[in-house]
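Beneath this line is the structure, given in structure tokens, with notes to follow.
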Amino acid sequence: MTRHFLTGAELTAMELDALLERAMELKAAPRSSHALAGRSVALIFQKPSTRTRLSFEVGIHELGGHPVVLRAEELQLSRGEALRDTALVLSRHVAAVGVRTGPHETLEELSQHSSIPVINMLTALHHPCQALADLLTLREAYGSLEGVRVAYVGDGNNVARSLAVLGTLAGMDVAVASPPGYALEEDLALGAGASGTLTLHTDPREAVAGASAVYTDVWVSMGDETTAAERRSALAPYKLDDALLDAAAPGAFAMHDLPAHPGEEISAEVLYGSRQRIWDQAENRRHAQKALLELLVAPA
Ligand code: CP
């Protein structure tokens with residue numbers, strides 16, 4: 001049975017734990033696995049990317065495979081070819097496909113017609129590969145994730161949603177603080193084996209109280225440009241700076257999935273200072289995704 005990775009809820013808690021453990025092994029020995037030797041993986045980008053493209057392309061190469069990067073305008077999809085037909089052709093050539101697109105439904109439709117794993121490289125709703133790297137970063141810092149509290153402050157977007165889905169699956173207590181109109185949905189579907197908690201707040205200081213890490217993301221994501229001014233105004237009280245970190249648990253560090261806008265959602269002092277693990281997060285994308293590819297791609 002083909003396994004896809006669309007939201008992260010496809011994993012069991014045990015699989016997630018093993019994946020993070022494997023990612024740590026691969027980080028320690030980046031060229032130790034040849035799981036994709038002789039195989040190719042397609043990477044379809046319908047939106048810009050720096051970290052996702054770099055980490056997948058280099059990671060597939062390190063696993064002995066060949067990444068095939070396809071930009072949207074190069075595909076017949078852009079001229080109206082059906083997602084179904086694209087999926088059927090991809091399935092005849094490559095071992096897996098990663099997709100970065102806007103509508104989550106596009107990813108779901110592609111997966112319904114794919115006999116190879118489909119991996120979500122970001123949709124408007126979910127960014128589960130980012131969450132894997134986030135959990136790897138937290139695990140490096142704290143070991144077991146059971147009962148560790150992480151606070152996310154700002155826009156309740158795809159990054160926050162995936163942190164909630166995969167963080168609770170890892171047993172974490174995820175606290176999300178957002179202004180009215182920007183909150184995550186209260187009935188967000190968590191993974192079947194989720195043992196952690198998700199709490200929604202409006203007060204950022206309430207969310208960060210007792211948190212071992214404080215996470216933020218841009219206030220104007222791809223596709224939100226027309227509402228930029230009102231977003232900046234509503235989200236201004238949620239800026240991640242030293243004062244907010246001081247309100248978290250002693251030793252708490254800052255997280256950000258990047259790209260960042262220093263001076264806006266995060267202060268430059270925090271982004272480039274000693275109280276963050278943001279650049280580790282960016283590196284951990286590669287190690288976590290390599291472990292994911294090992295899990296999803298069946299041996300040849
Ligand atoms: N965090 C992240 O997905 O970065 P890119 O948009 O650069 O891929």
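- No side-chain heavy atom of Cys129 sits under 4.5 Å from any side-chain heavy atom of Asn120.
- At a threshold of 4.5 Å between non-hydrogen side-chain atoms, the residues His66 and Val68 count as touching.
- To the nearest 0.5 Å, atom CZ of residue Phe5 and atom CG of residue Leu295 are 9.0 Å apart.
- Pairing each heavy atom of Ile266 with each of His256, the nearest pair is CG2-CD2, 4.0 Å.
- When atom types are taken as modelled, the side chain of Arg149 and the backbone of Ala207 share a donor-acceptor pair closer than 3.5 angstrom.
- The side-chain heavy atoms of Met172 and Glu146, taken from C-beta on, include no pair separated by under 4.5 Å.
- Side-chain N/O atoms of Thr86 and Gln76 include no donor and acceptor closer than 3.5 Å.
- When all heavy atoms are compared, the tightest approach of Val174 to Leu163 is CG2-O, 4.0 Å.
- Shortest non-hydrogen contact noted between Val165 and Ala189 is CG2-O, 3.9 Å.
- No single ILVMFWY cluster, assembled from side-chain heavy atoms under 4.5 Å apart, contains both Ile278 and Tyr215.
- One finds the CG atom of Leu136 at 9.5 Å from the CG atom of Leu145 (value rounded to the nearest 0.5 Å).
- Rounded to the nearest 0.5 Å, atoms OG (Ser221) and CG (Asn158) are 6.0 Å apart.
- Leu20 and Leu190 fall within the same hydrophobic cluster, where Ile, Leu, Val, Met, Phe, Trp and Tyr residues are linked whenever their side-chain heavy atoms come under 4.5 Å apart, directly or through other members.
- In the model, Asp173 has a side-chain atom that pairs as donor or acceptor with a side-chain atom of Thr197 under 3.5 Å.
- Between Tyr272 and Trp279, the ring-plane angle classifies as parallel under the 30° and 60° cut-offs.
- Linking ILVMFWY residues whenever their side-chain heavy atoms come closer than 4.5 Å, directly or via other members, places Val150 and Leu184 in the same cluster.
- Looking at heavy atoms from C-beta onward, Ile119 lies out of side-chain contact with Val97 at the 4.5 angstrom threshold.
- Evaluation of the side-chain hydrogen bond (donor to acceptor under 3.5 Å, both in side chains) test over residues 122-132, restricted to residues two or more places apart or in two chains, returns His104-Thr123, Gln130-Asp134, Gln130-Arg285.
- The main-chain N or O of Ala229 is never found under 3.5 Å from a side-chain atom of Ser233 such that the two would form a donor-acceptor pair.
- In this structure, CG on Leu235 lies 7.5 Å from OG on Ser178, to the nearest 0.5 angstrom.
- Side-chain contact check for Leu244 versus Pro204: some heavy-atom pair is nearer than 4.5 Å.
- In this structure, the salt bridge (charged side-chain N to carboxylate O under 4.0 Å, His left out) partners of Glu185, at least two apart in sequence or on a different chain, are Arg161.
- Glu10 places a side-chain N or O within 3.5 Å of a backbone atom of Thr7 that can act as its donor or acceptor partner.
- Taking 4.0 Å as the cut-off between side-chain N and carboxylate O, Arg22 and Glu25 count as a salt-bridged pair.
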Show which side-chain atoms of residues 37-49 pair as donor or acceptor with protein atoms under 3.5 Å away, not counting sequence neighbours.
{"unit_1": "Arg39", "atom_1": "NH1", "unit_2": "Ala298", "atom_2": "O", "d": "3.1"}
{"unit_1": "Arg39", "atom_1": "NH2", "unit_2": "Ala298", "atom_2": "O", "d": "3.4"}
{"unit_1": "Gln46", "atom_1": "OE1", "unit_2": "Thr101", "atom_2": "OG1", "d": "2.4"}
{"unit_1": "Ser49", "atom_1": "OG", "unit_2": "Thr52", "atom_2": "N", "d": "3.2"}
{"unit_1": "Ser49", "atom_1": "OG", "unit_2": "Arg53", "atom_2": "N", "d": "3.0"}

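- Side-chain contact check for Leu296 versus His4: every heavy-atom pair is 4.5 Å or farther apart.
- With respect to Arg277 and Glu140, no salt bridge is recorded, no charged nitrogen being found less than 4.0 Å from a carboxylate O.
- A distance of 9.5 Å separates CZ of Arg100 from CZ of Phe56, quoted to the nearest 0.5 Å.
- His201 and Thr199 form a side-chain donor-acceptor contact under 3.5 Å, judged by distance and modelled atom types alone.
- The shortest distance between side-chain heavy atoms of Leu138 and Met255 falls below 4.5 Å.
- Although no hydrogens or angles enter the test, the distance criterion places a donor-acceptor pair under 3.5 Å between the side chain of Ser91 and the main chain of Ser115.
- Surrounding CD of Glu186 are at most 12 heavy atoms belonging to other residues, nucleotides or ligands under 6.0 Å away.
- Remark: Trp219 CH2 to Thr227 OG1 distance equals 14.0 Å, nearest 0.5 Å.
- Glu105 contributes no side-chain N or O that, together with a main-chain N or O of Pro103, makes up a donor-acceptor pair within less than 3.5 Å.
- Between the side chain of Ser212 and the backbone N or O of Ala252, no donor-acceptor pair lies under 3.5 Å.
- Nearest heavy atom pair, residue Leu135 against residue Gly167, reads CD2-CA, 4.0 Å.
- Side-chain N or O atoms of Arg286 include none that pairs as donor or acceptor with a backbone N or O of Glu57 at under 3.5 Å.
- A salt bridge between Arg275 and Glu269 is absent, with no side-chain N of the basic residue lying under 4.0 Å from a carboxylate O of the acidic one.
- Closest approach of Ala95 and Pro117 over heavy atoms only: O-CD, 3.2 Å.
- Counting only heavy atoms from C-beta outward, the side chains of Tyr238 and Pro179 approach each other to under 4.5 Å.
- Ion pairing between a basic and an acidic side chain is recognised when a charged N comes within 4.0 Å of a carboxylate O; Arg84 and Glu109 show no such pairing.
- In terms of heavy-atom proximity, Gln276 sits nearest to Gly273 at NE2-O, 3.0 Å.
- Glu265 and Lys239 are not joined by a salt bridge, as no carboxylate oxygen comes within less than 4.0 angstrom of a charged side-chain nitrogen.
- Between the side chain of Asp242 and the backbone N or O of Leu245 there is no donor-acceptor pair closer than 3.5 Å.
- Panel note: side chain Glu225, backbone Gly223; a donor-acceptor pair is recorded below 3.5 Å.
- Side-chain contact of Ser55 with Gln289: a donor-acceptor pair under 3.5 Å is present, judged by distance alone.
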